[in-house]
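Here's the structure, in structure tokens; my notes come after.
Chain letters run A, B, ... following the sequence lines, proteins first and then strands; every chain starts at 1.
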There are 2 protein chains.
Amino acid sequence: MDIAEVAKASGLPASTLRFYEEKGLIQSTGRNGLRRLFRANVIERLALISLGRSAGFSLDEIGEMFTAEGLDINRALLLAKADELDRTIEELTSMRDGLRHAAVCKAPSHFECPKFLRLLRVAGKNRIRQPNKLKENKLKLGVQKK
Amino acid sequence: MDIAEVAKASGLPASTLRFYEEKGLIQSTGRNGLRRLFRANVIERLALISLGRSAGFSLDEIGEMFTAEGLDINRALLLAKADELDRTIEELTSMRDGLRHAAVCKAPSHFECPKFLRLLRVAGKNRIRQPNKLKENKLKLGVQKK
DNA sequence: ATACAAGCTCAAGTTGACTTTAAGTCAAGC
DNA sequence: GCTTGACTTAAAGTCAACTTGAGCTTGTAT
């Protein structure tokens, strides 16, 4: 496959594919002139990378996961990330409840509302970065049937 | 209060306070020579800002929330953010379950495991940026009693 | 044979939320 | 009078994950 096909199949721009290759996350298997050639299984790779990103792994972490040939998934790392997600989920949940309460709370100042004060205590940690303009993400992974 | 006191009370470095002032998120009420003076209620402001950040608001969004004097919270914005949190929570939950499953799954390739494939479909959207090195966040908000 | 769209490389730019640095001001203490 | 330390400013740096741009090369269609 050439880069355009991979881009289309994965939903990722060619620039990202080059970037991922440079980072060692994917490999091209040769060139046709200048042009990169990819094997079809790169799509699966990219799906895994996308998945990892969604789960909060950094590209570096993802890179450490697949060694040499094929994808060797580090189970401990997975479980650790799952635990981290648990904590995040809990915090986001309090946050969501707090926001809903704040929207209807009648206390004259939020600082006089006990729920709001509890919310303040819950916050503090767990700052969320604004995601990278995820305009429309159109990952078409129907994990192709050969 | 001078900037050092505010820094201590809020847990935020002075550089961040200057940055927030420049962004219009907090105000200093005057100067003693060159030195900024803050009113005590700036601590509450900072607590709100921290809260907003934790809930996923950008600084710009937070800035739009408190108009002029005092904090005027935009209820619609709050509810919208709460809904957004709901979606995020759902996705993170699938993600977490998927990770836990992947860690124990016996299928020869993850691509042969139906749960894993479902996980792949759930992902796609909702990329999480690595949080801003949140070494130790030590917000000491005991919301001071006058 | 020639045009041209699509690739290529390498370097620099973008974003958001800060942090760091360099250079300067100032009150207090020795 | 001089040092020290806490503060000031403006500008530059950081981080991750990409994106963009300039300028060059190529396979393929006319």
Any non-hydrogen side-chain atom of [X] less than 4.5 Å from a side-chain atom of [Y]?
X	Y	answer
B:Asp2	B:Arg36	no
A:Leu120	A:Phe111	yes
B:Ile49	B:Leu59	yes

Using whole Å, what does the distance between atom [atom2] of nucleotide [N] and atom [atom1] of [X] come to?
X	N	atom1	atom2	answer
B:Lys23	C:dG16	NZ	C1'	8 Å
A:Leu25	D:dA16	CG	P	14 Å
A:Glu21	C:dT9	CD	P	8 Å
A:Leu59	D:dC15	CG	C1'	13 Å
A:Ile26	D:dA17	CD1	C1'	14 Å
A:Phe19	C:dA12	CZ	P	17 Å
A:Phe57	D:dA16	CZ	C1'	17 Å
A:Ile62	D:dA17	CD1	C1'	11 Å

B:Ser15 near the nucleic acid: base, sugar-phosphate alone, or nothing, with a heavy-atom cut-off under 4.0 Å?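 Here B:Ser15 touches the bases of the nucleic acid.
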Describe the nucleic acid contact of B:Gly33 in one word from base, sugar-phosphate, nothing, applying a heavy-atom distance below 4.0 Å.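 No contact at all - B:Gly33 keeps every heavy atom at 4.0 Å or more from the nucleic acid.
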Counting primed atoms, P, OP1 and OP2 as sugar-phosphate and everything else as base, the B/S/- map of nucleotides 3-9 of chain D against protein heavy atoms under 4.0 Å is ---BSBB
Map A:Pro13 and B:Glu22 onto DNA chain D by nearest heavy atom, then report which one ends up closer to the 5' terminus.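 Residue closer to the 5' terminus by nearest nucleotide: B:Glu22.
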May I ask you to evaluate whether A:Thr16 reaches the phosphate of D:dA17, defined as a side-chain N or O under 4.0 Å from OP1 or OP2?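 No, outside the criterion.
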A:Tyr20 side chain N/O closer than 4.0 Å to the phosphate oxygens (OP1, OP2) of D:dA17?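 A:Tyr20 to D:dA17 OP1/OP2: no side-chain N or O under 4.0 Å.
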I need the minimum non-hydrogen distance between A:Ser54 and B:Leu92, along with the two atoms involved.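 For A:Ser54 and B:Leu92, the tightest heavy-atom pair comes out as O-CD2, 4.4 Å.
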Mind checking the NZ-CD1 spacing from A:Lys23 to A:Ile62? Nearest 0.5 Å is all I need.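 Here the interatomic distance stands at 9.5 Å.
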Nearest 0.5 angstrom please: B:Glu44 CD to B:Arg39 CZ, how far?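 With rounding to 0.5 Å, CD (B:Glu44) is 12.0 Å from CZ (B:Arg39).
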Are any of the side-chain nitrogens in A:Arg118 or A:Asp97 under 4.0 Å away from the carboxylate oxygens of its partner?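 Between A:Asp97 and A:Arg118 there is no salt bridge, as every charged N stays at least 4.0 Å from the carboxylate O atoms.
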